[in-house]
Each structure stands twice: as structure tokens, then as C-alpha cells.
Amino acid sequence: MKPRLVEVPIATPAGEFLARYSESGLAELNFPPVGRASPRAAKKEMVPAQIRAWHRLAETALKAIFAGREPKKLPPLDLAGTAFQKSVWNALRKIPTGKTKSYGEIAQAIDRPKAVRAVGGACGANPVPVLVPCHRVLAANKKLGGFSGGLDWKRELLKREGINLP
DNA sequence: TCCGTATTGAACT
DNA sequence: AGTTCAATACGGA
């Protein structure tokens, strides 16, 4: 039986994100729901101290990224996925703030040079956007490609990191 | 096993 | 310069 994730909202200059924590770390992060406050945010008093500590880190890191800076610390991540997906997400985290990579480069980084489309799939399956910077991955010709939360978000995030797109 | 995918690069208009 | 197409790896049904 699946342990219920604790949901806690994160306020950012770009809206209210929704973080979900498992017993071992941050498991999911959602973009702000369109024009609506989070329906069922956990009561903060019921959130375990451990998770509150993680939440503080997550909030700080998120705000740092929105300010275009590299986050100093991240909460532990509890990412559910296949080995392939995890290796992709791990590679994504190595992209420094303000830089971009192509799907092909990610594929090479995980030693599967031809799995470019699969890399795209793994990016789309990324449970923790922004903190795991799936938005810094562009197509080979510097085109935007796609984004789970909507391309507007991708543009916005890149812009805040000082990345200029053609 | 078949289908879709947040790709890519080359071949054609 | 824009469009079509095959190759390709992986995950979900």
C-alpha cells in the first residue's frame, strides 16, 4: 500500500507550487494550478518536522532558481522511476543554472547516444520539474521542444536564468 | 507486441 | 528555408 504523500504549497513570485513529500524526500512538484489556489493543502501543523525542514530547503532552492541563481542546497529527492529515467534525471541535475543542453547531449551523457527520444520521454516523466532542470534541455537546433507544464513555463524559466532564445 | 514520444539528421520540395 | 521521413530506445497498455 502506498504511503500517502504530504502536500505542502510553495509560494514563489511565479505562483504557488505544490510539493509532495514521501518519507524519504521530495517526491513530486507541481506547477501552480491555473487560476486557482491549491484545493487541499496539508495543514501545516500536521506536517512532520523532518518534512518541514525539507520543505524549507525546497522553497529556498525554488526561489533561488526563479531569481536566476544556483540553489545552494536541495532537499533529498525521492524520485520514482525506472533505472533509465533516474540516470536521465541525474544527468539533468548536472546542467548548471543558465546553461542548456540538447536531448542528444543528455543521451550521450548517460552512455546511450541513440536514445534521444527516450530521453525526451524521461524528461516528460520527471516528477520534480525546475529543481530537476528539465527546462534546460532544448532540441538540437536550439528549438524549444516541449514541456509538461506548458511551453510558456519553459520560456519563463529560461528567461529568468538569463538564457536568450532565438 | 504494438503504439506514442518533450528527437535527430538527411533528403526533398 | 520549410517539410517529410526513417531510425531509434524506452515505457505503457
Side-chain angles (χ1 to χ4, degrees), chain A residues 1-5 7 9-10 12-36 38 58-59 61-71 74-166:
Chain A
M1 114 141 216
K2 182 175 56 168
R4 214 172 111 63
L5 300 178
E7 301 182 336
I10 300 183
T12 78
E16 192 175 72
F17 283 64
L18 186 61
R20 292 197 182 87
Y21 299 89
S22 73
E23 301 160 0
S24 34
L26 177 62
E28 293 179 30
L29 183 66
N30 287 343
F31 286 101
V34 279
R36 187 165 295 260
S38 61
E59 185 171 23
L62 204 54
K63 284 178 178 169
I65 292 181
F66 270 103
R69 290 180 292 105
E70 186 98 27
L74 287 183
L77 303 179
D78 181 24
L79 305 179
T82 66
F84 175 81
Q85 289 171 331
K86 285 181 190 169
S87 63
V88 170
W89 298 333
N90 192 51
L92 293 181
R93 295 183 52 189
K94 293 184 184 137
I95 308 178
T97 303
K99 304 195 98 172
T100 65
K101 280 196 165 205
S102 74
Y103 293 94
E105 285 174 308
I106 298 295
Q108 288 183 39
I110 62 172
D111 205 41
R112 293 240 179 346
K114 310 212 165 121
V116 281
R117 302 182 67 182
V119 166
C123 290
N126 171 21
V128 187
V130 188
L131 259 37
V132 176
C134 45
H135 59 277
R136 294 186 201 139
V137 186
L138 304 180
N141 1 355
K142 311 295 193 223
K143 281 182 307 204
L144 259 189
F147 195 64
S148 305
L151 284 176
D152 289 338
W153 273 112
K154 189 165 184 174
R155 262 192 293 269
E156 174 72 13
L157 288 167
L158 292 174
K159 185 180 178 182
R160 283 179 184 268
E161 295 188 8
I163 296 171
N164 220 356
L165 3 132

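Hydrogens, waters and symmetry mates are skipped; everything else that's a heavy atom, side chains included, is used. Chain letters run A, B, ... following the sequence lines, proteins first and then strands; every chain starts at 1.
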Study note, to complete from the structure: Writing each nucleotide of DNA chain C 5' to 3' as (, ), [, ], | or . by Watson-Crick or G-U pairing under 3.5 Å yields |||||||.|||||
Practice item. Let me know the distance between CZ of A:Arg117 and P of B:dA6, rounded to the nearest Å. Key: 9 Å
Exercise for review: Using atom CD1 of A:Ile110 as one end and atom C1' of C:dC10 as the other, report the distance to the nearest whole Å.
Suggested key: 10 Å
Check your understanding: Are A:Arg69 and A:Glu161 close enough for a salt bridge, meaning some N to O gap below 4.0 Å?
Key -> no
Exercise for review: Looking at every strand, decide which applies to A:Gly121 at a 4.0 Å heavy-atom threshold: base, sugar-phosphate, or nothing.
Suggested key: nothing
Check your understanding: Does A:Arg112 have a side-chain nitrogen or oxygen under 4.0 Å from the phosphate oxygens OP1 or OP2 of C:dC10?
Key -> yes
Review point. Nearest-Å distance, OH (A:Tyr103) to P (B:dT8)?
Key: 8 Å
Exercise for review: Indicate the ring-plane relationship of A:Phe66 and A:Phe17, choosing parallel, tilted or perpendicular according to the 30° and 60° boundaries.
Suggested key: perpendicular
Revision key, fill the gap. note: A:Asn141, atom CG; B:dT7, atom C1'; distance rounded to Å ~ 9 Å
**Study point:** Integer-rounded Å distance: B:dA6 P and A:Lys142 NZ
**Key:** 21 Å
Point to revise | Ring-ring centroid check A:Trp153 A:Phe147, cutoff 6.0 Å | key: no
Exercise for review: Quick one: pull up NZ in A:Lys94 and NZ in A:Lys99 and give me the separation to the nearest 0.5 Å.
Suggested key: 15.0 Å
Check your understanding: Can a side chain N or O of A:Thr82 be found less than 4.0 Å away from OP1 or OP2 on C:dG11?
Key -> yes
Review point. Between C:dC10 atom P and A:Trp89 atom CH2, what is the distance in whole Å?
Key: 15 Å
Check your understanding: CG of A:Asn141: more than 12 outside heavy atoms within 6.0 angstrom?
Key -> yes
Revision key, fill the gap. Comparing nearest nucleotides in DNA chain B, the 5'-proximal residue of the pair A:Ala139, A:Ala118 is A:Ala118
Exercise for review: Could you tell me whether A:Phe84 contacts a base, only the sugar-phosphate backbone, or nothing, with contacts defined as non-hydrogen atoms closer than 4.0 Å?
Suggested key: sugar-phosphate
Exercise for review: Take atom CD of A:Gln85 and atom P of C:dA9, then tell me their distance rounded to the nearest Å.
Suggested key: 17 Å
Check your understanding: In whole angstrom, what separates A:Arg136's CZ from B:dA6's C1'?
Key -> 17 Å
Review point. To the nearest 0.5 Å, what is the distance between CG (A:Leu138) and NZ (A:Lys143)?
Key: 11.5 Å
Study note, to complete from the structure: Taking C:dA9, B:dA6, C:dG11 as options, the one with an atom nearest any side-chain atom of A:Ser148 is B:dA6
Review point. Side chains of A:Ile95 and A:Val137: closer than 4.5 Å at any heavy-atom pair?
Key: yes
